2 protein chains.
Amino acid sequence: MSINTTQRPSLCQQCAMSSMCFSQAEKSKVEPKVRSHKVYHKSDVLFSVGQTFDAIYILRSGSAKSSVLANSGYEQIGGFHYPGDLIGLDGFDNRAHAQSIKFLETSSVCRIGLGELDKAMAISASLRFNLLQGMSHVLNDENKFLLSLNNMNSAQRLSSFLIDLSSRFEELGRSGKVFDLTMTRVDIANYLGMAIETVSRLLTQMQSEQIIEVEKRRVRIIDFEKLNQSLLQERETSLLRTA
Amino acid sequence: MSINTTQRPSLCQQCAMSSMCFSQAEKSKVEPKVRSHKVYHKSDVLFSVGQTFDAIYILRSGSAKSSVLANSGYEQIGGFHYPGDLIGLDGFDNRAHAQSIKFLETSSVCRIGLGELDKAMAISASLRFNLLQGMSHVLNDENKFLLSLNNMNSAQRLSSFLIDLSSRFEELGRSGKVFDLTMTRVDIANYLGMAIETVSRLLTQMQSEQIIEVEKRRVRIIDFEKLNQSLLQERETSLLRTA
DNA sequence: AGCTGCTATTGGTATAGATCAAGAATAAGG
DNA sequence: CCTTATTCTTGATCTATACCAATAGCAGCT
C-alpha cells in the first residue's frame, strides 16, 4: 500500500490540524508546509507506553495499531489507525503515553510538537475547535464501537468490524468494497475479544453465505445488505430489558 | 446521598475547569464564583442524543449514567459519572450530543457555556492544557476499561467494575470499602455486557466466597486481595497469543 | 394502606464459542 | 532455493453464560 500522492492535498485540507500547515491564503496550494514528515516501516514503533509525551501525530498514509497494557501485562489492541487519524492524544493525561503505536505497513506521519501546538492554539480559535472536535470524535467513535461490541455475538462483532473498515476506506476515497486487512487475524481476534479460531471460522462461513469473499488478507464485500442485516439481530432480551 | 458541603472547596480546587471559577488570587477562598450551578433529581435528563451542544458540565455531587443509542436503537450504557467528572465532551464532534446523561440520584452540576469556554481558552494556557488533559483522561480511562472487558469472563468484569468504583470513591475522599451502587443491576449488566441474572448470581457468589458483602444496593468489600486476584486469572491463551 | 410495576434472586437447560489438537499455507531468513 | 517460523484453517470437545421461567421483595402512586 503505497503513498498515494494524488490524495495528499485533499487529505491535508481536510486535516484537523491543517491550520498549522497552511495559512488561510495558502489553503488552495498543493504543497504543504508540514513541519516534520517521517516514514516508518512495518513493525516500527511510533511511541510506546510510558514514553514522554512531546508531540501529537497525524497518520498520512499506511496503517497502525494501538495497544495498551492490560492489568496482567499482556497486550490489548485498542484500535487500528488509518490516514487522517489523530494519534497520541492519550498523552495529554499524564504527560506520558498511555498506549503504544506500531505500524502495520510502510506509513508516514506528520508530527506536531507540543510547543508549537500550544502556541498555535493561543492564536487560532479554529485550531482550538478542531483539536477538541478531533478528540471528541475519537472519543465518540471508539467508545460507541467498543460499547456496542459488548452486546454482540461473534458474528456481529466481525460484521461490525468489516463495516467499520469499509466506511473508513470510503471516507478516504478508497474502495469500501475491496480492501486489504493489514493486521493479522490474531490482531483482529484480540481487538474484538474473541478466539482467533472463531475469526477464521466466521470469515469462511460468511464467504459460504455469499456475504464476502476472502483470500488471504484481501476482503471483498459482496452483499452489503446481508452484512448490515446480521447486525440487527441483537439478542432479544437486551432489546427488551434496556428500555 | 446529600451534597457534602465540606468537600466543595477542595473539589473545586481540583477541578480541571477551576480557572474559570477562581482567579489565581482567589484560589484559597472558600466561596466559588461558579457561573451556573443547578440541581437535578433522580431520572432527570441533563441532555440527550442529538440535542444541540452548547455547554460542558462538571458533576459536583451525585451520580449519573451516560448512554448511547446502538445501531438497532436500544439503549447502551456508556459509563457512570461521579463528582469531578467532565460531562458533555462528546458534543464537540458534531455540535450535537452523541450521548444522553440521566441522573441516578439527586445531583448538582456546574455548567460552562461554550462561548465563555472558548474566550477563556484564548487567554489561559493552563485551561487549554487542563481541558485537553481532561478529555485525554476520559479517553484513556473509558477505553482501557472497555477494552479490558473484551477479554474477561463475567466474574472478572464484575470484579473490575467494583474495583473501579472503589478507587474512584477513594479518590473522592469517600470510602472505597463501603459504598452504594446508585445504578440498578440492569444498568450494570448492560454496561458490562452480560445478563442481569449473571450479575446477581456473581454478587451472591462473591459474597459466599467472603470477598464482598451485598445488601440491596450497598456493597462492602471485605477482601481486596481476593478481589484483585480474580482479575489476574486471565484466559491462558490470550496471554500466550498476544505477545 | 393497598395495588401495581419495577427490581432482584434463584433454578434449569441449551448453545455459542473457548479451548485443545493437528495440519496446511504462507512468509521470512540463510 | 530450501529450511524454519509464522499465520491461518478446520475438526472435536467442553464449559461459561445467555436464555427461559417462577417467585419474592421494594418502591411509587392513588
Side-chain angles (χ1 to χ4, degrees), chain A residues 41-43 65 74 77 104-105 149-159 180-208 212-219 230 233-243, chain B residues 41-44 65 74-75 77 102 104-106 149-159 180-208 212-219 230 233-243:
Chain A
H41 297 285
K42 188 176 174 174
S43 297
K65 66 175 174 180
Y74 79 101
I77 292 178
L104 297 169
E105 61 186 318
L149 286 189
N150 258 353
N151 285 338
M152 281 182 183
N153 63 33
S154 291
Q156 292 169 334
R157 288 175 189 218
L158 193 58
S159 298
D180 287 306
L181 303 172
T182 52
M183 72 293 291
T184 67
R185 305 274 199 266
V186 178
D187 286 339
I188 297 174
N190 179 303
Y191 178 54
L192 297 179
M194 53 207 243
I196 175 179
E197 294 93 331
T198 307
V199 173
S200 188
R201 270 186 257 269
L202 285 172
L203 285 174
T204 53
Q205 189 191 325
M206 289 168 83
Q207 182 157 28
S208 74
I212 58 172
E213 258 176 40
V214 196
E215 196 198 335
K216 245 198 38 148
R217 299 274 179 97
R218 169 146 302 189
V219 175
S230 67
Q233 302 154 3
E234 309 264 349
R235 297 183 196 162
E236 287 175 23
T237 49
S238 297
L239 253 163
L240 296 173
R241 285 176 179 165
T242 50
Chain B
H41 297 286
K42 188 175 176 174
S43 299
D44 283 352
K65 66 175 174 180
Y74 80 99
E75 182 188 29
I77 292 177
K102 188 178 269 186
L104 297 169
E105 61 186 316
T106 299
L149 287 189
N150 260 352
N151 286 337
M152 282 183 183
N153 63 33
S154 291
Q156 291 169 334
R157 287 174 188 221
L158 193 59
S159 298
D180 286 307
L181 303 172
T182 53
M183 71 294 290
T184 67
R185 306 273 139 105
V186 177
D187 286 340
I188 298 174
N190 179 303
Y191 179 53
L192 297 179
M194 53 206 245
I196 175 177
E197 294 93 330
T198 308
V199 173
S200 188
R201 269 186 258 267
L202 286 172
L203 284 173
T204 52
Q205 189 191 324
M206 288 168 83
Q207 182 157 28
S208 75
I212 58 173
E213 258 176 39
V214 195
E215 197 197 335
K216 242 197 41 146
R217 299 276 179 95
R218 170 146 302 189
V219 175
S230 65
Q233 302 155 2
E234 308 264 348
R235 299 182 196 162
E236 288 175 20
T237 49
S238 297
L239 253 162
L240 296 173
R241 285 175 181 166
T242 50

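Because the structure is a prediction, the values reported are computed rather than measured. So you know, we letter chains A, B, ... as the sequences are listed, proteins then strands, and number each from 1.
- For the pair Q205(A) CD and dT10(D) P, the interatomic distance rounds to 12 Å; values are reported in whole Å.
- If you measure from atom CD of E215(B) to atom C1' of dT7(C), you get 15 Å, rounded to the nearest angstrom.
- Atoms CD (E197(A)) and P (dC20(C)) sit 10 Å apart, rounded to a whole Å.
- Looking only at side-chain heavy atoms (C-beta outward), R157(A) and M194(A) come within less than 4.5 Å of each other.
- Using a 3.5 Å distance cut-off with no hydrogens or angles, the side chains of S159(A) and S230(A) do pair a donor with an acceptor.
- In this structure, of dG11(D), dT7(C), dA18(C), it is dG11(D) that holds the atom nearest to the side chain of R201(A).
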Nucleotide N/O of nucleotides 27-30 of chain C paired with protein N/O under 3.5 Å:
from    : atom 1 : to      : atom 2 : distance (Å)
dA27(C) : OP1    : K216(A) : NZ     : 2.8

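- The one candidate from R218(B), K216(B), R217(B) that meets the side-chain hydrogen bond (donor to acceptor under 3.5 Å, both in side chains) condition with D180(B) is R218(B).
- Separating the CZ atom of R185(A) from the P atom of dA25(C) is a distance of 15 Å, rounded to the nearest angstrom.
- Along DNA chain D, the nucleotide nearest to L202(B) and the one nearest to T198(A) differ in position, and the one closer to the 5' end is contacted by T198(A).
- Put simply, CG on L181(B) is 13 Å from C1' on dT7(C), counting in whole angstrom units.
- Across all strands, S154(B) comes closer than 4.0 Å only to sugar-phosphate atoms, never to a base (heavy-atom distances).
- Here the P atom of nucleotide dG17(C) and the CE atom of M194(B) are 17 Å apart, to the nearest Å.
- For I188(A) and dC8(D), the CD1 to P distance is 8 Å, given to the nearest whole Å.
- Distance CE (M152(A)) to P (dA18(D)): 16 Å, rounded to an integer number of Å.
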